[in-house]
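Worksheet: the structure to be examined is printed underneath.
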4 protein chains.
Amino acid sequence: MLNFASDYIAGAHPAILKKLEETNMELLPGYGTDHYTAQAKEKIKNACHCQDADVYFLVGGTQTNSTIIGAMLADYEGVVSADTGHINAHEAGAVEYTGHKVLTIPGHDGKIDAKELKDYIAGFYGDDNYTHMVFPGMVYISYPTEYGTIYSKDEMEQIHAICKQYDIPLFVDGARLGYGLASKESDLTLETLAANCDVFYIGGTKVGALFGEAVVFTHANAPKHFYTMTKQHGAMLAKGWLTGLQYDVLFTDDLYMQVSRHAIEMAEKLKEILKKHGMNFYLESPTNQQFVIIEDEKARQLEKHVVTSFWEKYDETHTVIRFATAWSTTEENLEALNQVLAQL
Amino acid sequence: MLNFASDYIAGAHPAILKKLEETNMELLPGYGTDHYTAQAKEKIKNACHCQDADVYFLVGGTQTNSTIIGAMLADYEGVVSADTGHINAHEAGAVEYTGHKVLTIPGHDGKIDAKELKDYIAGFYGDDNYTHMVFPGMVYISYPTEYGTIYSKDEMEQIHAICKQYDIPLFVDGARLGYGLASKESDLTLETLAANCDVFYIGGTKVGALFGEAVVFTHANAPKHFYTMTKQHGAMLAKGWLTGLQYDVLFTDDLYMQVSRHAIEMAEKLKEILKKHGMNFYLESPTNQQFVIIEDEKARQLEKHVVTSFWEKYDETHTVIRFATAWSTTEENLEALNQVLAQL
Amino acid sequence: MLNFASDYIAGAHPAILKKLEETNMELLPGYGTDHYTAQAKEKIKNACHCQDADVYFLVGGTQTNSTIIGAMLADYEGVVSADTGHINAHEAGAVEYTGHKVLTIPGHDGKIDAKELKDYIAGFYGDDNYTHMVFPGMVYISYPTEYGTIYSKDEMEQIHAICKQYDIPLFVDGARLGYGLASKESDLTLETLAANCDVFYIGGTKVGALFGEAVVFTHANAPKHFYTMTKQHGAMLAKGWLTGLQYDVLFTDDLYMQVSRHAIEMAEKLKEILKKHGMNFYLESPTNQQFVIIEDEKARQLEKHVVTSFWEKYDETHTVIRFATAWSTTEENLEALNQVLAQL
Amino acid sequence: MLNFASDYIAGAHPAILKKLEETNMELLPGYGTDHYTAQAKEKIKNACHCQDADVYFLVGGTQTNSTIIGAMLADYEGVVSADTGHINAHEAGAVEYTGHKVLTIPGHDGKIDAKELKDYIAGFYGDDNYTHMVFPGMVYISYPTEYGTIYSKDEMEQIHAICKQYDIPLFVDGARLGYGLASKESDLTLETLAANCDVFYIGGTKVGALFGEAVVFTHANAPKHFYTMTKQHGAMLAKGWLTGLQYDVLFTDDLYMQVSRHAIEMAEKLKEILKKHGMNFYLESPTNQQFVIIEDEKARQLEKHVVTSFWEKYDETHTVIRFATAWSTTEENLEALNQVLAQL
């Protein structure tokens, strides 16, 4: 069956599997103290042009979000997020489980607005009762967002400036980072992204790896003993090299961006196919996730041939569904989808 | 200086102080195991017509909210509240500190709407991804609300019916309970309130006591070892009888409702005075809190003579301020306010 | 019935009750922003000779312990305590509820040993795996201890020196502080205690107040936004002045130490009476708590006339029970006990 | 360099790598909803002879421990463990981070004693103050223990009987389960282990898999919405099939026990070699971990040729080090070690 449900439906890029095989019986020290991990960290620092970055490898997105947020916030602080932010909506309360509130401001197609952010924080400090309230202690955005949209460099700079003004870190959830940076509409690079936030991660799970998220504290600003806190959060892999060497591969010969660009090319073609067949887009997304509004009856026909993701009910008779491409999507997949849609 | 800032600006009803003196050197067992506490519990059960209720005495409102919510929710659950609910806005993240999310729905002058509550919960279970989300595990409302408004018996029944349908408890924050029940617009009593929720508390701090909140689990439904959990939350007083005997006094000869009715009478007169002097009400409140929109310049004049509470900015040149009456408000206080406003 | 069960069996010193009455209808701002609280803080700073101390008033001991510990520790840190420490044994896991481990070292009649403390911390950093372990982030001692024993000035200096060496705070639980300082064996004063720790509290609940614990951060070292964290922990009283003015009274004309000395005199007489009647002491305590080993049969006789506290089983046929004196103990109480024991 | 540091120094059994390759481009649903995961669960239930078991796949040991413990305990409960238990000593406070205390009893070569466990729990309920203490809500043991020792079937039955008497679950940390069951001294099987506890896990990370721990709730007793709680703990893998199919392979043709037996054979030979060269054993271990007491000078010689694990300081001049075998250990490794030791 055709599957466009998400970008985590296939294993890993063949180069990664090959590396896993080659190194399978190499006896290595645990917990990320191996040389592959060290090497991967160097490559990432170079790619980000951040020589004083602190790099850590964690396993999955929710884990990475709650570990970073829990570690960086003081007890009296919460994290500001779009109401549609993944941490607010789809992580089963993992942030709250660490004792911190998610402070929501409106999401606009998944993005927060710099002006609204500023008003929110200024409003907080302007409230006579703010010492009885949760302090905004960090700003969380995702790049690309949960709706596939991306911030421009200018928007990032504005948001980061507000964070700097209030001396709170800006955290970028990059679970799909490659697909954002590779977007034809993106004016950001790893380097400019790193320059405009305090911590972000380079998603591996959805961008060519079996699993793994590479956390980059951009200016030697990792919380003290972050390593121990990853252990406390159950986020430290005994065979830490497994993540390290996947990133070593992804950051060799620009593979990470290469597979990302492929997914974006596939997404561009996907959009054309969807348009050709009269699909109604829920919003304009320049990355690998495409959301369409579909009649429920048509959705039932479609799901006999193609797996997509339910996103939300649109109205009584329509549903928003998601089609995603990934590093693993092929021209054949798209052509097959084209055939299916032609006959729907 | 005149003070209408809140309902917690004076000590305790004289009958309570008298009782504290009389019993001062009576040697009593600690942690609420004394006979005054036992007696107060009986009186409360009788007043609520809930013979199988479980009654506990805690110290303050935020503490009571987070202890109850933390104790009643499973790890995967959050508490549904109006966005303006005290637990969401003004308790410094005490609920999140216990690991649970506050799930917000819109507040309408402080109240939640039964239909919107139903849609929210039905929407949750209708979402394909609900197992990745925080379960609605409890509904929190305040009576009266943070804006002085109250639910009708009919509204309470509707909300409670939804909770029963989904098998989750309805929790009523009654920090100002007396002022709600004594309102001329209320059609609820302690008995009918208790019959329409699973746990509520009878606020003492704001209604005649030095401090104290009497928690009533209405049908023998206190969480297992709730006593130990109050200890764990730092909510157990060594000299537990201090709270017990305050409630013993408040629930003798209907004192609790008597002082509440007095505050409401004072509030009615306050409203007349405010109206007479052309004050613009932010909303219609039938209880002891009155919110007016005032020009900033006028507010500055007023605060030379009267303490009120800043509530929120209304627009560039206006502010919402709160006037509150209480069991301790006198006719003299009101007349003095009348004089001040006349000269403003 | 005679009652020597604890030091929290009576209300408050009459001077406190009198003050509560006098100020009952004085309208005051909430949350500890009143002038009585400000004044009490000044008096405490003077009494401690700590002009740059940060002083806060909380309600009870368990609450104070968990709020301070939760606020001062980083996520990766735990608090070192004697295994018999109150936080480890009798607070229902309140510290762990804040996410932190209690790291135990042996208690010797309730006290920790400086050498063992040093070995513990040095051993931690000497362990190859320490980054997988909970960091010792604070040292907790009680003065007097749960067994009535006290540290000498020299012992305090040694313990504090170790804390300074490792740059972690020393926290002294002073729930019964007055009874320690007033002990004839104590060579400490409020001033020298304050000079030898980073945070401590002056217990009120057990030493003359209705309730209240005065927290002293000795050198302007309160955690950032500690005020908000007391709110988050449910430890902030709406009528904050109630605690403030109790301490205002206790720190006027040396009342705190005066009532403490009275309790110690009563304890000295109690010891004589117990000895006279052949009671077997479990340990030598120089403060207001006395522990005796009693045959179970005799204990059953005793409890018909006197309330004491069960402490622990000593062996198959004996139990350790506690007799406590307090500010409220009278010569008459002791004489009555004498009579009872004579006839046992 | 020779490496006997641990049992997590190599990748995965070749059959697992092969399966990963074969399925790499098979498009699968996420979060463990795939057919490999379903199939693996069935195979595990069959292997355990537990048709009504609930099986979940998590990623690593610390994560699995804290997720299970956090999910199964009520707020007022802690988990009883040997003081040497992994959760108490080497998980960076992950259990406390979930709000729960680890209640320690003495470990005897890593094992708890049934009689001491019974005395501890009976003592708890026999204490007059137990409602102020942390309830024993679960018993945690590891099989094999952190010192390589194992419980006999008889010992397991005794411990389980005590748990049943107090109606609390028995949880077996099986991070190295295969190496315990394969031990020549073991009289347990997967079936009899499952029959004598309430939840355990079948360690994969150390026994042939790249990563993964298979949690078995033995009698349909998984906590409600455990799936959501794994998400909340950051323990849910997007590509859940990666764990599922590793277990599918391990539970095909008895591979799990086969590789475990191999490691035990290697351990037996290792012991002979160590003995032959006069090594002094710290304790008698029948599983894959062997602890020897070595002179510090000799240790420095050894570490030029062989990686082992520092365990603890034995005395001023000696250290305890660990040699571990695993599924990946070869005869050649052992022979090389033999050579090294001969020349030391």
Side-chain angles (χ1 to χ4, degrees), chain B residues 29-33 37 54 56 63 65-79 94-101 103 124-125 127-138 166-168 221-240, chain D residues 29-33 37 54 56 63 65-79 94-101 103 124-125 127-138 166-168 221-240:
Chain B
Y31 304 114
T33 60
T37 298
D54 297 319
Y56 291 85
Q63 178 188 88
N65 288 334
S66 68
T67 305
I68 290 174
I69 292 168
M72 293 191 88
L73 292 181
D75 283 5
Y76 54 86
E77 293 176 330
V79 54
V95 168
E96 289 82 3
Y97 195 69
T98 74
H100 298 285
K101 192 179 187 70
L103 302 162
F124 173 84
Y125 286 104
D127 190 314
D128 271 26
N129 299 311
Y130 78 88
T131 58
H132 287 218
M133 293 158 66
V134 178
F135 283 64
M138 181 182 225
Y166 287 100
D167 197 22
I168 60 178
N221 59 321
K224 208 174 161 188
H225 296 301
F226 186 70
Y227 179 86
T228 298
M229 286 190 283
T230 64
K231 179 74 182 169
Q232 188 176 57
H233 281 258
M236 188 186 284
L237 219 48
K239 299 180 183 174
Chain D
Y31 304 114
T33 59
T37 297
D54 296 319
Y56 292 85
Q63 178 188 88
N65 287 334
S66 67
T67 304
I68 290 174
I69 292 169
M72 293 191 90
L73 291 181
D75 283 4
Y76 54 87
E77 293 176 329
V79 55
V95 168
E96 289 82 4
Y97 195 70
T98 73
H100 298 284
K101 192 179 187 70
L103 302 161
F124 173 83
Y125 285 104
D127 190 314
D128 270 27
N129 300 311
Y130 78 88
T131 56
H132 288 217
M133 293 157 64
V134 177
F135 283 63
M138 180 183 226
Y166 288 99
D167 197 21
I168 59 178
N221 59 323
K224 208 173 158 187
H225 296 303
F226 186 71
Y227 179 85
T228 298
M229 286 190 284
T230 65
K231 179 73 182 169
Q232 188 177 56
H233 281 258
M236 188 187 283
L237 219 49
K239 299 181 184 172

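Convention: sequence-line order gives letters A, B, ...; per-chain numbering from 1. Everything numeric in this text was worked out from a predicted model, so none of it was measured.
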For this session: Mark yes or no for whether B:Thr228, through its side chain, and D:Thr131, through its backbone, hold a donor-acceptor pair below 3.5 Å.
Result: yes

Problem set entry | Heavy-atom proximity to chain B below 4.5 Å, by part of D:Phe135 | side chain

For this session: For each of D:Lys224, D:His132, D:Lys231, tally heavy-atom pairs with chain B at distances under 4.5 Å, and name the one with the top tally.
Result: D:His132

For this session: Find the distance between CE (D:Met229) and OH (B:Tyr76) and round it off to the nearest 0.5 Å.
Result: 6.5 Å

For this session: Measure distances from D:Met133 to the heavy atoms of chain B and classify the residue's part below 4.5 Å as side chain, backbone, both or neither.
Result: backbone

Problem set entry | Separation of D:Asp75 CG from B:Asp75 CG (nearest 0.5 Å) | 7.0 Å

